[in-house]
Participant: 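Got a structure for you, questions after.
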Amino acid sequence: MADSRFKRVLLKLSGEALMGALEYGTDPERVERIASQVNEVSGRGVQIAMVVGAGNIYRGLDAAAEGMDRATADYMGMLATVLNALTLQDALEKQGGHTRVLSAIQVTEVAEPYIRRRAIRHLEKGRIVIFAAGTGNPFFTTDTAAALRALEIRAEVILMAKHGVEGVYDADPAKVPDAKFLPEITHRQAIERGLRIMDSTALSLCMDNDLPIYVFNMADERNIDRIVCGERVGTIVSSDGAVTPALAKGMGQ
Ligand code: UDP
């Protein structure tokens with residue numbers, strides 16, 4: 001078994017990661033594959049926490065656009081992340097993993113309340129921690145929850161799972177066919193170029209606190225294990241990332 005590069009990581013999964021080829025909801029096979037990778041990483045002795053989104057079920061912003069009160073819609077979004085957290089917990093435990101769901105909104109019958117020191121204790125005991133209900137506050141996203149929780153638990157890195165892209169590009173590859181892949185980039189460059197790695201609140205939080213983000217393609221779940229083992233996969237966003245020449249030109253640096 002290869003040595004692991006990190007001791008404690010936070011994996012951010014969007015709700016879409018659980019959807020597979022479906023248009024809505026969760027694909028059990030996909031969830032099973034993700035769970036198996038997470039269990040494998042945990043089995044290596046790497047402490048792993050997860051933040052899961054809810055885009056596969058519900059998005060507050062979409063509901064607000066249809067006339068719903070934004071804060072109410074966001075609370076519904078946060079509750080939807082609890083459903084995904086329980087789905088993941090079930091899949092992980094079916095495969096023998098030890099898990100705890102910690103929720104930022106109290107749902108004490110199904111999850112522990114989020115208490116930072118308790119989260120750290122679970123990780124130290126080798127349990128996989130799933131953070132549910134985002135930050136617990138409307139007007140935020142689960143990306144911000146990932147940045148916040150990663151800092152709180154002193155994770156060394158955020159593993160940011162993406163769909164259909166290998167990492168970060170200098171333009172949206174879905175719209176610009178010759179968009180260039182960027183193996184490394186700084187947080188500041190990503191913010192200035194408006195590259196959609198995570199929302200700007202989350203990215204700023206990572207920048208201000210020197211928290212690296214590894215952006216990778218979740219189409220191949222084994223990428224999680226590869227990164228943890230030190231393989232060069234996807235894009236590294238860090239405060240001192242080598243300035244990519246093409247990007248520097250575009251920025252007039
Ligand atoms: N949300 C929120 N505060 C948070 C995290 C999430 O209000 O701290 C709500 C928000 O409405 C969001 C929804 O929960 O649309 C689902 O989260 P997100 O869109 O981040 O999920 P993802 O895109 O990662 O699937």
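Whatever order the structure lists them in is the order used to number ligands and atoms, beginning at 1. The figures that follow rest on heavy atoms only: side chains count, while hydrogens, waters and symmetry mates do not.
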Participant: Taking only heavy atoms of T142 into account, list the atoms of ligand 1 that are under 4.0 Å away from them.
Facilitator: 5 (C), 6 (C), 17 (O), 18 (P), 20 (O), 21 (O), 22 (P), 24 (O)
Participant: Just heavy atoms, cut-off under 4.0 Å: does S14 contact ligand 1 by side chain, backbone, both, or neither?
Facilitator: both
Participant: For atom 5 (C) of ligand 1, what's the nearest protein heavy-atom neighbour? Residue, atom name and distance, please.
Facilitator: T141 C, 3.3 Å
Participant: Determine whether a donor-acceptor pair (N or O, by modelled atom type, separation under 3.5 Å) exists between the side chain of Q95 and the backbone of E32.
Facilitator: yes
Participant: Test the R149-Y114 pair against the cation-pi criterion, namely NZ or CZ under 6.0 angstrom from the six-membered ring centroid and within 45° of the ring axis.
Facilitator: yes
Participant: Any idea which heavy atoms bring N39 and G97 closest together, and the distance?
Facilitator: OD1-CA, 3.3 Å
Participant: Do G15 and ligand 1 have an N or O pair less than 3.5 Å apart?
Facilitator: yes
Participant: So does E156 get a backbone contact from the side chain of K7, meaning a donor-acceptor N/O pair under 3.5 Å?
Facilitator: no
Participant: Which of the atoms of ligand 1 are close to R59, meaning less than 4.0 Å from one of its heavy atoms?
Facilitator: 15 (O), 19 (O), 22 (P), 23 (O)
Participant: Is any N or O atom of F140, backbone or side chain, closer than 3.5 Å to an N or O atom of ligand 1?
Facilitator: yes
Participant: Polar contacts were defined as any N/O atom of the residue lying under 3.5 Å from an N/O atom of the ligand; does this apply to P138 and ligand 1?
Facilitator: no
Participant: A54 to ligand 1: N or O pair under 3.5 Å?
Facilitator: yes
Participant: For N137, is at least one N or O under 3.5 Å away from an N or O on ligand 1?
Facilitator: yes
Participant: Quick one: closest heavy-atom pair of L195 and A171, and the distance?
Facilitator: CD2-N, 4.5 Å
Participant: Do R118 and R100 have side chains that get closer than 4.5 Å, going by heavy atoms?
Facilitator: no
Participant: May I ask you to identify the nearest protein heavy atom to atom 14 (O) of ligand 1, giving residue, atom name and distance to one decimal place in Å?
Facilitator: G77 C, 3.2 Å
Participant: Look only at interatomic distance and state if L61 has a nitrogen or oxygen under 3.5 Å from any nitrogen or oxygen of ligand 1.
Facilitator: no
Participant: What protein heavy atom is closest to atom 12 (C) of ligand 1, reported as residue, atom name and distance in Å?
Facilitator: G60 N, 4.0 Å
Participant: Provide the number and element of each atom of ligand 1 under 4.0 Å from a heavy atom of G53.
Facilitator: 21 (O), 22 (P), 24 (O), 25 (O)
Participant: Ignoring hydrogens and angles, state whether a donor on the side chain of T99 or E93 is under 3.5 Å from an acceptor on the partner side chain.
Facilitator: yes
Participant: Can you name the nearest heavy-atom pair linking G126 to S42, along with the distance?
Facilitator: O-OG, 3.8 Å
Participant: Among protein heavy atoms, which lies nearest atom 11 (O) of ligand 1, and at what distance?
Facilitator: D74 OD1, 2.5 Å
Participant: Can you list the ligand 1 atoms lying under 4.0 Å from a non-hydrogen atom of G55?
Facilitator: 21 (O), 22 (P), 25 (O)
Participant: Would K12 count as being in polar contact with ligand 1, using the rule that some N or O on each side must be under 3.5 angstrom apart?
Facilitator: yes
Participant: Quick check: does any side chain N or O of H187 sit under 3.5 Å from a backbone N or O of L211, one acting as donor and the other as acceptor?
Facilitator: yes
Participant: Can you list the ligand 1 atoms lying under 4.0 Å from a non-hydrogen atom of T135?
Facilitator: 4 (C), 8 (O)
Participant: Is any N or O atom of Y75, backbone or side chain, closer than 3.5 Å to an N or O atom of ligand 1?
Facilitator: no
Participant: Between R116 and E152, does any side-chain N to carboxylate O distance fall below 4.0 Å?
Facilitator: no
Participant: Knowing that exactly one of T87, D27, T26, N84 qualifies, which makes a side-chain hydrogen bond (donor to acceptor under 3.5 Å, both in side chains) with N56?
Facilitator: N84
